[in-house]
Amino acid sequence: MQLKLIAMGLVIGLIGYGIGLLVFNDIQARLIGLIAFLVTMWTNEGLPIGVVSLLPIILFPSLDIISINATAPNYSNPIIYLFLGGFILAVATEKIHLHEFISSKILNVFPSTPRGIIFSLATTAAVLSSFLSNTTTALLLIPIASFLTSDTQLKIRFILAIAYGASIGGIVTPIGTPPNMILLGFMQKEAMELIPFVKWIMLTIPLASMMLVVSCFVLTFGLKFSQNIREIDTTKVISSDQKRLLWILGGLVLLLLVNSPIKPYYNGLGIHESVILLGFGLVMFFPKIGFLKWEDTKKVPYEIMFLFGAGFSIARAFSDTGLASSIASYLMAISDFSPLLLILCVAALITFTTEITSNTALISIALPIIFALGKMADIQIELLMMVATICASYAFMLPIATPPNAVAMSTGVVNTFTMMRFGLVLNLLAIGLTTFIALSYWQYFL
């Protein structure tokens, strides 16, 4: 079976190369074919995701796309170490069950009705995924949703509330979801001013809040309010270990706040956020302070870090081969559009393209193109890239679009048709709300 899946990837890669030759030069066509192969392998899992993510180190130089010296450094991008620190903190949170305590307290805020639980699950997922990986959040919380009811239709909505909430909340901080990190990595590569942690939060909270509310109303639409809901312990008492980790996480947030510049009034501490996150992650191994042993790092999803490296490598190849500029030149037709139409086009294109591929892979490919397009159009480049990045996470229709969607589908409870039915509505709402926020808010502060 795996050989067939690999063969499928090779065939699709060759087709991509052939199509690329019709429009682009040979090197650019090779890159298109290789990306088609990688995306197919990430999608059909013919090889482990970590293996596929390391292939660019071999294939880019072998196919004379970019050199090994241009490829390998992308796997040590500082943004990757920022996420490594976040992963380690997530492992510590899981080990001492802090997420269960937080969940129980948030669940206690809302009424024990189907609608109340949908709001509470989505809110819990959104809050946790703001600082933890949205994949980790979905994996940790979906078992709770499955436990809450035996009613299949209700269970589907509970699970989707967590999946959608994790995706919605993931945009709130730079570490919430991989596309955010890829944007920062790309901005760093292009010597653009990075968006500070606190400023990012201030920019994204209004959109995330609106999306959270509308997604919950969409999931409760037409719901028969049966009371087939199990009791959950919402009176959990915090343990000493959980209290200590909360203080540590509070210190992390405080340091990030103090470190974040508010120009022109305050320049911050000047510490790279990767240093801060990785530092706090490593503190988790200190005796009497942390909670982890080296054996616990087996739970760190290193393959996701390799995926980031592959994404940064693809972005580098797009720029170095001139493919980004070539594609952008074909998009000249829309560069004369008004900012409203241009942002709508980018938002719709990214949102619906993400449905058929990994949002991490897509945004790696899209950002160099959006960057080149922004140079041609009468619009802020940062604004256009921010819209593309957020919309890469706001794809709700298919399981391949985002990791939380895939986690929801893996339960065997949610079927594709149901996810598409709810997801299409949310996709359209996300495109509209992102466009509105971009033009009414982001363009004045980016």
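Reckoned from all heavy atoms, side chains included, excluding hydrogens, waters and symmetry mates. Note that the numbering runs from 1 along the sequence shown for the chain. Note that the coordinates shown come from a computational prediction; the quantities given were computed from them, not determined experimentally.
Here CG of Leu398 is found 10.0 Å from CG of Leu424. Values are rounded to the nearest 0.5 Å. One distance of note links CD of Gln188 with CZ of Phe312; it measures 8.5 Å at 0.5 Å rounding. For the atom pair Ile88 CD1 and Leu278 CG, the distance stands at 6.0 Å (nearest 0.5 Å). Residue Ile49 holds its CD1 atom at 5.0 Å from CG of Leu307, rounded to the nearest 0.5 Å. The distance from atom CE of Met187 to atom CD1 of Ile381, rounded to the nearest 0.5 Å, is 10.0 Å. With values rounded to the nearest 0.5 angstrom, Leu59 atom CG is found 8.0 Å from Ile65 atom CD1.
Taking the centre of each ring, Phe217 and Phe119 come in below the 6.0 Å mark.
Within the 3.5 Å criterion, the main-chain N or O of Thr71 finds no donor-acceptor partner in the side chain of Arg316. Between the Thr40 side chain and the Gly9 main chain, no donor and acceptor come within less than 3.5 Å of each other. Side-chain atoms of Asp64 never come within 3.5 Å of backbone atoms of Ile27 as a donor-acceptor pair (strictly under, hydrogens ignored). Although no hydrogens or angles enter the test, the distance criterion places no donor-acceptor pair under 3.5 Å between the side chain of Asn259 and the main chain of Glu273. Checking side-chain atoms of Trp442 against main-chain N and O of Glu382 turns up no donor-acceptor pair under 3.5 Å. At least one donor-acceptor pair under 3.5 Å links the side chain of Ser130 to the backbone N or O of Ala126.
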- [ ] Check the pair Leu269, Leu255 against side chain to side chain contact (heavy atoms under 4.5 Å, CB included), reporting the backbone distance first and the verdict last.
- [x] CA-CA 9 Å; Leu269 301 178; Leu255 181 56; 3.8 Å; yes
Open item on the list: Set out, in order, the CA-CA distance, both residues' side-chain angles and the distance that settles side chain to side chain contact (heavy atoms under 4.5 Å, CB included) for Ile35 and Val39, then state yes or no.
Closed with: CA-CA 6 Å; Ile35 290 172; Val39 169; 4.0 Å; yes
TODO: Could you check Ile195 against Leu446 for side chain to side chain contact (heavy atoms under 4.5 Å, CB included), going step by step and ending with a plain yes or no?
DONE: CA-CA 8 Å; Ile195 303 172; Leu446 276 173; 3.8 Å; yes
TODO: Check the pair Asn134 / Thr177 against side chain to side chain donor-acceptor pair (under 3.5 Å), numbers first and verdict last.
DONE: CA-CA 6 Å; Asn134 55 11; Thr177 187; 3.0 Å; yes
- [ ] List the steps, then state whether side chain to side chain donor-acceptor pair (under 3.5 Å) holds for Tyr17 with Asp26.
- [x] CA-CA 9 Å; Tyr17 172 68; Asp26 185 60; 2.6 Å; yes
TODO: Give the C-alpha distance, both sets of side-chain angles, the deciding distance and a yes or no for side chain to side chain contact (heavy atoms under 4.5 Å, CB included) between Phe318 and Ile66.
DONE: CA-CA 10 Å; Phe318 256 74; Ile66 55 174; over 6 Å; no
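A side-chain donor from one of Gln28 and Ser326 sits under 3.5 Å from a side-chain acceptor of the other.
Taking all atoms of both residues into account, the shortest heavy-atom contact from Ser167 to Phe396 is CB-CE2, 4.2 Å. Taking all atoms of both residues into account, the shortest heavy-atom contact from Ala438 to Ile343 is CB-CD1, 4.2 Å. Residue Ala310 comes nearest to Pro56 through the heavy atom pair CB-CG, 4.1 Å, listed as atom of the first residue, atom of the second, then distance. Here the closest non-hydrogen pair linking Leu121 and Phe158 is CD1-CB, 3.7 Å. The two atoms that bring Asn405 and Ala395 nearest to each other are ND2-O, 3.3 Å, heavy atoms only. The minimum heavy-atom distance linking Ile168 with Ser215 is given by the pair CD1-OG, 3.5 Å.
Thr123 places a side-chain heavy atom less than 4.5 Å from the side chain of Leu212. Between Tyr441 and Leu207 the shortest side-chain heavy-atom distance does not fall below 4.5 Å. In this structure, Pro339 and Leu439 have side chains that are in contact, with non-hydrogen atoms separated by less than 4.5 Å. With contacts defined as side-chain heavy-atom distances shorter than 4.5 Å, the pair Thr297/Leu292 does not qualify. Contact check for Lys189 versus Asn77: no side-chain heavy atoms found under the 4.5 Å cut-off. The shortest side-chain heavy-atom distance between Met192 and Met385 falls under the 4.5 Å cut-off. Using a 4.5 Å heavy-atom cutoff, the side chains of Arg421 and Met397 are not in contact. Looking only at side-chain heavy atoms (C-beta outward), Thr360 and Met181 stay at 4.5 Å or farther from each other.
Of the candidates Leu219, Asn427, Val414, Phe422 forms a side-chain contact (heavy atoms from CB on, under 4.5 Å) with just one, namely Leu219.
Ring geometry, Phe371 versus Phe186: the interplanar angle exceeds 60°, so the pair is classed perpendicular (tilted spans 30 to 60°).
Residue Phe436 places its CZ atom among 12 or fewer non-hydrogen atoms of other residues, nucleotides or ligands, all under 6.0 Å distant. By the 6.0 Å contact criterion, CG on Asp378 is open, its count of non-hydrogen atoms from other residues, nucleotides or ligands being 12 or less.
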